[in-house]
Amino acid sequence: MAQPSTTQSTRYNPADVEHKWYQHWLDQRYFESKPDHREAFSIVIPPPNVTGVLHMGHMLNNTIQDILIRQARLEGKNACWVPGTDHASIATEAKVVKMLRERGIKKSDIGREEFLKYAWEWKEKYGGIILKQLQKLGASCDWSRTRFTMEESLTKAVFRIFVDLYKKGKIYRGKRMTNWDPEALTVLSNEEVIYKEENSRLFHVRYQIEGTDEWIIIATTRPETIMGDTAVAVNPKDERYAHLQGKRAIVPLVNRSVPIIFDNYVDMEFGTGALKVTPAHDMNDYEIGERHSLEIIDIFNDNGTMSEAAQLYIGEDRFKVRKLVAKDLEAAGQIVKIEDYRNTVGRSERTDAIIEPRLSLQWYLDMKEFAKTALDAVDKKEVQFFPEHFWNMYYNWLNEDNIRDWCISRQLWWGQRIPAWYYGEHTFVAETAAEALELARRQTGNAELQLEDLRQDEDVLDTWFSSWLWPITVFDGFESPEELRYYYPTNVLVTGWDIIFFWVARMVMAGYEWSGDLLGEAVAQKKGIMPFKDVFFTGMVRDEQRRKMSKSLGNSPDAMALMDKYGADGVRFGMLSSAAAGNDIVFDAPFDPKSKKVLSESKRCEQGLNFCNKMWNALRLLNGLPQQEEALNEESAAINALATTWFSNKLRQTNRKLKDQFKSYRLSEAIMNLYTFIWGDFCSWYLEMIKPPYEQAIDRPTYERSLEFFETQMSLLHPFMPFVTEEIWHLLRDRKSGEDCIISQLPAEEEFDAALITKVDTAIEIVSKVRDARNKNGIKQKEPLELFIRKTPQTSELFELEGLQEMICKMAYLSKLTFAEEDVPNSISFLAGPGKYFLVLNKTIDVAAEISRLEGYLKKAEGFMKGVNAKLNNQRFVDGAPAAVVEKERKKQADGMARIKALTEELEKLKGG
RNA sequence: GGGCGAUUAGCUCAGUUGGUUUAGAGCACCUGCCUUACAAGCAGGGGGUCGUUGGUUCGAAUCCAUCAUCGCCCACCA
């Protein structure tokens with residue numbers, strides 16, 4: 001068993017502590033979970049990219065998951081947090097390509113097989129780093145369950161559902177516009193295209209209406225595509241062109257006759273309101289072409305030069321042709337004018353080449369029904385979002401006007417290769433090559449066919465096509481659903497809102513599609529169910545200029561360095577204390593203009609470390625106290641009795657609040673709740689109340705209660721700051737094996753005495769006011785003073801509370817506390833709670849200062865009364881508001897009047913005397 | 001262009017269905033303390049007419065509308 005350190009040092013040192021306890025937890029197998037009789041609580045990790053390194057977003061995300069899983073574990077649930085990584089096909093392939101390039105190897109030279117060998121090597125080498133880093137953060141994942149989206153069994157599941165969807169007719173192959181990089185000669189995904197505003201020119205070109213002397217003027221930024229024009233389009237509402245119905249126009253230079261069509265897409269306000277349509281080279285034109293069955297003429301070669309189909313300028317580069325066409329049109333008198341113009345141009349992230357929209361054959365998944373399922377799930381609250389407003393974003397993407405079929409093929413090698421084989425005109429979709437071959441033999445009637453005769457699709461599947469199954473596949477749901485029945489649906493998904501479409505929505509779809517069959521009898525009518533009950537959206541972590549923290553911007557502090565400096569607990573505190581659900585968090589790491597780097601420093605994390613230190617020293621105080629059976633005297637017996645009763649009630653109150661905060665995922669509130677409670681109520685008040693004078697002993701019962709309080713607080717705080725709490729837990733008492741904070745018991749929810757808490761609050765207010773009076777009058781903190789209480793029914797009742805007087809005397813260093821029938825002359829007076837108090841200073845009072853102080857109070861009280869009176873004098877308020885509210889206002893009025901009266905009297909006396 | 005969100009103390013943010021709040025917390029700031037648990041600390045303090053203008057209501061930081069500023073997502077105009 002791990003040994004706790006000694007408490008000699010006044011400084012808490014996380015480095016000594018954190019690794020030790022993490023290893024201990026691993027040795028005790030606390031993170032591991034197997035189905036049993038207990039209630040399950042499961043979370044699947046959003047798998048980070050396999051070759052990624054820990055950044056601030058991961059830190060936040062995984063800290064939150066760890067808090068929830070540790071809390072569940074403490075609540076006695078069977079907590080299971082499944083870790084893993086994503087193969088991230090684009091990102092990883094790009095890294096491998098770069099690595100190979102640095103070694104002078106070109107991807108195209110080595111071929112698919114060898115490339116994949118390098119890629120796997122790379123994965124083996126760097127794949128574990130991020131998981132190791134998560135361990136440093138304290139993540140209590142069941143590491144024996146670590147999965148990878150491209151491991152064998154997950155890949156098998158991917159092929160299985162691909163075939164399933166293909167059979168259901170939801171997967172199809174279709175031609176669509178894609179982003180073509182004419183330099184790299186490859187299709188790019190939307191994520192790899194960067195759009196930027198650039199300067200260009202808008203050409204106004206005139207086209208003749210066939211068989212007339214009339215012209216129609218169109219505006220274009222890309223005159224070189226004129227040879228691919230197959231229509232001219234105008235808006236059907238545009239009266240200027242209404243008469244052109246059924247007419248045709250002549251495309252200049254190539255003199256082709258094309259139809260004039262009417263389409264709502266055309267913006268009447270833009271340019272001349274007329275548009276040339278080039279279906280092969282523009283996304284929108286393609287869609288117009290589809291609607292009007294236009295001819296498609298592809299005028300470019302792969303490398304961006306003109307093809308035979310262009311008829312003119314064959315073999316010349318597209319940008320050279322733009323100039324040539326402009327010149328030739330000008331010469332032919334076809335150009336009306338040329339304007340300067342700014343438009344957005346898409347460039348390849350890797351080669352910076354201007355993207356050419358191009359038709360290509362891709363695999364698609366029909367999303368219509370899926371989208372409806374996913375919408376219903378949230379609509380019927382089967383899945384709940386925190387915060388709720390993300391529903392709007394989700395709805396906006398999934399509703400039928402916006403939803404688009406999912407392009408699931410990628411022109412990459414690192415990934416799951418599409419399980420489709422071709423033979424001539426035939427396509428065979430099967431889970432394995434052997435099955436495909438069998439299909440092929442059966443369907444072609446050719447029993448002699450061999451695998452070599454078939455050609456497998458070259459593309460791989462989109463990464464998300466494996467991750468949308470993650471909540472099912474990590475439990476081997478498709479192979480043996482026993483575990484799925486226990487752990488599914490998972491309790492909560494914790495993720496950034498930036499992947500709400502890519503991932504969250506799609507997991508919901510997959511859950512409903514397949515879990516029903518897999519869960520079998522466990523689910524009514526075998527209807528699929530949601531993959532998680534709650535979704536907790538974390539914000540993006542941003543720098544002080546509100547930019548997203550990212551590696552490419554270099555604005556992110558080094559996560560590992562932060563933890564070295566402040567400890568994992570400190571960093572967890574720092575991240576969380578500013579992370580309200582769904583709100584982006586601005587992380588306070590300073591930027592050093594000299595080194596042009598973000599420093600791994602943070603005030604918030606420092607606060608977390610200071611908090612550890614505070615608790616560490618509270619521990620040192622308790623551990624260092626000598627003990628004896630009886631209390632020192634009657635006074636301390638009374639104080640200790642009051643202090644323990646009061647604190648146990650505060651503890652229950654805090655526990656109640658904390659439970660609510662967990663239920664609604666208000667975790668940043670929860671940690672601040674614990675912070676102020678432990679630091680303020682426990683250390684500053686409770687411990688000071690019970691602390692015996694120097695080298696005196698504390699009575700054993702109070703000591704014992706104090707240990708219990710401390711322990712309970714460590715359990716409550718454990719999910720947030722696991723290391724320091726475990727360490728203190730062990731230093732508080734001698735523990736047997738297995739008595740660890742990580743599996744300790746949380747206090748049950750109990751009623752608390754609110755009236756008692758209010759009374760002690762008033763006492764605390766009195767103490768503070770006395771201290772303030774000392775401060776303002778330059779009197780030493782420990783100089784004994786006498787305090788008088790103006791006797792009223794309220795103050796009498798307050799001071800009936802056993803130990804209250806003694807406690808106030810101790811905390812405020814008062815020599816004596818006396819009830820007075822009259823106001824006490826030559827004293828400092830103040831109000832606290834319902835009473836009035838007089839502090840006798842052993843020196844002359846500065847009357848002028850006293851007057852101005854009291855006038856300040858009076859002004860505030862009068863302002864307050866104005867509001868209250870205005871309400872009560874309003875007959876409609878008295879009639880309209882609920883009786884309880886009116887009653888409260890009446891009480892406020894009475895209290896306020898009393899306060900003003902007391903202050904006025906006091907002021908008169910001071911002024912008069 | 002479509003959608004979402006934000007605007008509260010010098011900074012970062014709470015304020016959960018309108019009424020125990022002329023508004024809370026942390027940091028920063030100011031004053032006094034090296035007091036035998038803690039200077040990574042202790043005690044105390046100052047600071048905001050809740051972005052604008054209207055409206056609903058007995059009552060608005062909170063609900064509605066408008067404008068302003070900022071941020072994000074999606075689609076992209078030839």
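Sequence lines set the chain letters: A, B, ... in the order given, protein chains first and strands last, and positions in each chain run from 1.
- Atoms CD (A:E339) and P (B:C77) sit 17 Å apart, rounded to a whole Å.
- Checked against A:V724 for a side chain to side chain contact (heavy atoms under 4.5 Å, CB included), the options A:V17, A:D569, A:N613 give a single hit: A:D569.
- Atom CG in A:L674 sits 5.5 Å away from atom CG in A:L717 (nearest 0.5 Å).
- Side-chain atoms of A:D282 never come within 3.5 Å of backbone atoms of A:T278 as a donor-acceptor pair (strictly under, hydrogens ignored).
- A:I218 has its CD1 atom 13 Å from the P atom of B:A78, to the nearest Å.
- Checked against a 6.0 Å centroid threshold, the rings of A:Y395 and A:F385 do not count as neighbours.
- With both ends at atom C1', the span from B:C58 to B:G15 equals 23 Å, rounded to whole Å.
- Picking from B:G44, B:U16, B:A40 the nucleotide with the shortest atom distance to the side chain of A:L609 gives B:A40.
- Minimum interatomic distance between A:I671 and A:S577 (heavy atoms only, all atoms of both residues): CG2-CA, 4.1 Å.
- As rounded to the nearest Å, B:C13 and B:A6 have P atoms that lie 13 Å from one another.
- Both A:N613 and A:K782 lie near RNA chain B, and the one whose nearest nucleotide falls closer to the 5' end is A:K782.
- Closest to the side chain of A:Y694, out of B:A37, B:U36, B:C76, is B:U36.
- Sparse packing is recorded around NZ of A:K237, with 12 or fewer heavy atoms of other residues, nucleotides or ligands lying under 6.0 Å away.
- Taking both residues in full, the closest heavy atoms of A:A643 and A:I690 are given as CB-CG2, 3.8 Å, listed atom of the first, atom of the second, then distance.
- Distances shorter than 4.0 Å separate some side-chain N or O of A:N610 from OP1 or OP2 on B:G41.
- Taking every side-chain heavy atom of A:N617 into account, B:C38 is the closest of B:A43, B:U16, B:C38.
- Between A:N396 and B:C74 there is no side-chain polar atom (N or O) within less than 4.0 angstrom of OP1 or OP2.
- Here the C1' atom of nucleotide B:A37 and the CG atom of A:L619 are 9 Å apart, to the nearest Å.
- Comparing B:A37, B:A43, B:A78 against the side chain of A:Q781 picks out B:A43 as the nearest.
- Remark: C1' of B:G3 and CD1 of A:I403 are 15 Å apart, rounded to the nearest angstrom.
- The base of B:A43 has none of its N or O atoms less than 3.5 Å from a complementary donor or acceptor on the side chain of A:E688.
- Checking A:W406, A:F390, A:W397 one by one against A:F501, the ring pair (Phe, Tyr, Trp, His ring centres under 6.0 Å) holds for a single residue, A:W397.
- Distance check on atom P: B:A28 versus B:C50 gives 27 Å, rounded to whole Å.
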* Test side chain to side chain contact (heavy atoms under 4.5 Å, CB included) applied to A:N869 and A:Q893, step by step -> CA-CA 7 Å; A:N869 288 335; A:Q893 188 182 41; 2.8 Å; yes
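- Ring pair A:Y837/A:F830 is parallel by interplanar angle, where below 30° counts as parallel and above 60° as perpendicular.
- An OP1 or OP2 oxygen of B:A37 is reached within less than 4.0 angstrom by a side-chain nitrogen or oxygen of A:K691.
- Each of B:G5, B:A78, B:G3 was ranked by its minimum atom distance to the side chain of A:D267; first place goes to B:A78.
- Side-chain atoms of A:R876 lie closest to B:C58 of the nucleotides B:G45, B:C58, B:G15.
- With C1' as the reference atom, B:G48 and B:U7 are 14 Å apart, rounded to whole Å.
- In this structure, the nucleotide among B:G5, B:G41, B:A43 sitting nearest to the side chain of A:N392 is B:G5.
- The interatomic distance linking A:Y703 (OH) with B:A37 (C1') rounds to 12 Å, in whole Å.
- When rounded to the nearest whole Å, the span between OH of A:Y813 and P of B:G44 equals 12 Å.
- By the 4.5 Å heavy-atom criterion applied to side chains, A:I900 and A:M865 are counted as neighbours.
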Polar pairs (N or O, both sides) under 3.5 Å between protein and nucleotides 23-27 of chain B?
unit_1 : atom_1 : unit_2 : atom_2 : d
B:G26  : O3'    : A:Q607 : NE2    : 3.1
B:G26  : O2'    : A:Q607 : OE1    : 2.7
B:G26  : O2'    : A:Q607 : NE2    : 2.7

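- Taking atom CH2 on A:W685 and atom P on B:C42, their separation rounds to 13 Å, with Å as the unit.
- Ring orientation note: the planes of A:W616 and A:Y12 are tilted relative to one another, at an angle of 30° to 60°.
- A:V277 comes within 4.0 angstrom of nothing in the nucleic acid, heavy atoms only.
- Put simply, A:Y341 has a side-chain N or O that comes within less than 4.0 Å of OP1 or OP2 on B:A78.
- Counting non-hydrogen atoms under 4.0 angstrom, A:F501 reaches the backbone sugars and phosphates but no base.
- B:C67 and B:G3: their P atoms are spaced 14 Å apart (whole Å).
- At B:G44, one or more side-chain N or O atoms of A:S768 fall inside 4.0 Å of OP1 or OP2 (strictly under the cut-off).
- Between B:C76, B:G45, B:A43, one nucleotide has an atom nearer to the side chain of A:N284 than all others, and that is B:C76.
- Here A:S668 does not reach the OP1 or OP2 of B:C13: none of its side-chain N or O atoms lies under 4.0 Å away.
- Remark: RNA chain B takes part in the stems B:1-7 with B:68-74, B:10-13 with B:24-27, B:29-33 with B:41-45, B:53-55 with B:63-65, each of 3 or more antiparallel Watson-Crick or G-U pairs, criterion distances under 3.5 Å.
- Set against B:C77, B:G44, B:C38, the side chain of A:R620 has B:C38 as its closest nucleotide.
- The P atoms of B:U21 and B:U16 are separated by 14 Å, rounded to the nearest whole Å.
- Looking at heavy-atom distances under 4.0 Å, A:R11 makes contact with a base.
- Per the geometry, OH belonging to A:Y395 stands 13 Å off C1' belonging to B:G2, to the nearest Å.
- The residue A:N775 sits close to a base: some heavy atom pair falls under 4.0 Å.
- In this structure, the nucleotide among B:G19, B:G41, B:A78 sitting nearest to the side chain of A:K614 is B:G41.
- Among the protein residues, A:C683 comes within range of the nucleic acid bases, having at least one heavy atom under 4.0 Å from a base atom.
- B:A65 sits 28 Å from B:A23 when the P atoms are compared, rounded to a whole Å.
- The salt bridge (charged side-chain N to carboxylate O under 4.0 Å, His left out) pairs that include a residue from residues 609-620 of chain A number zero, where partners must be two or more places apart or lie in different chains.
- Map A:W679 and A:W397 each onto its nearest nucleotide of RNA chain B; the residue landing nearer the 5' end is A:W679.
- Atom P of B:C34 sits at a distance of 15 Å from the matching atom of B:A43, rounded to the whole Å.
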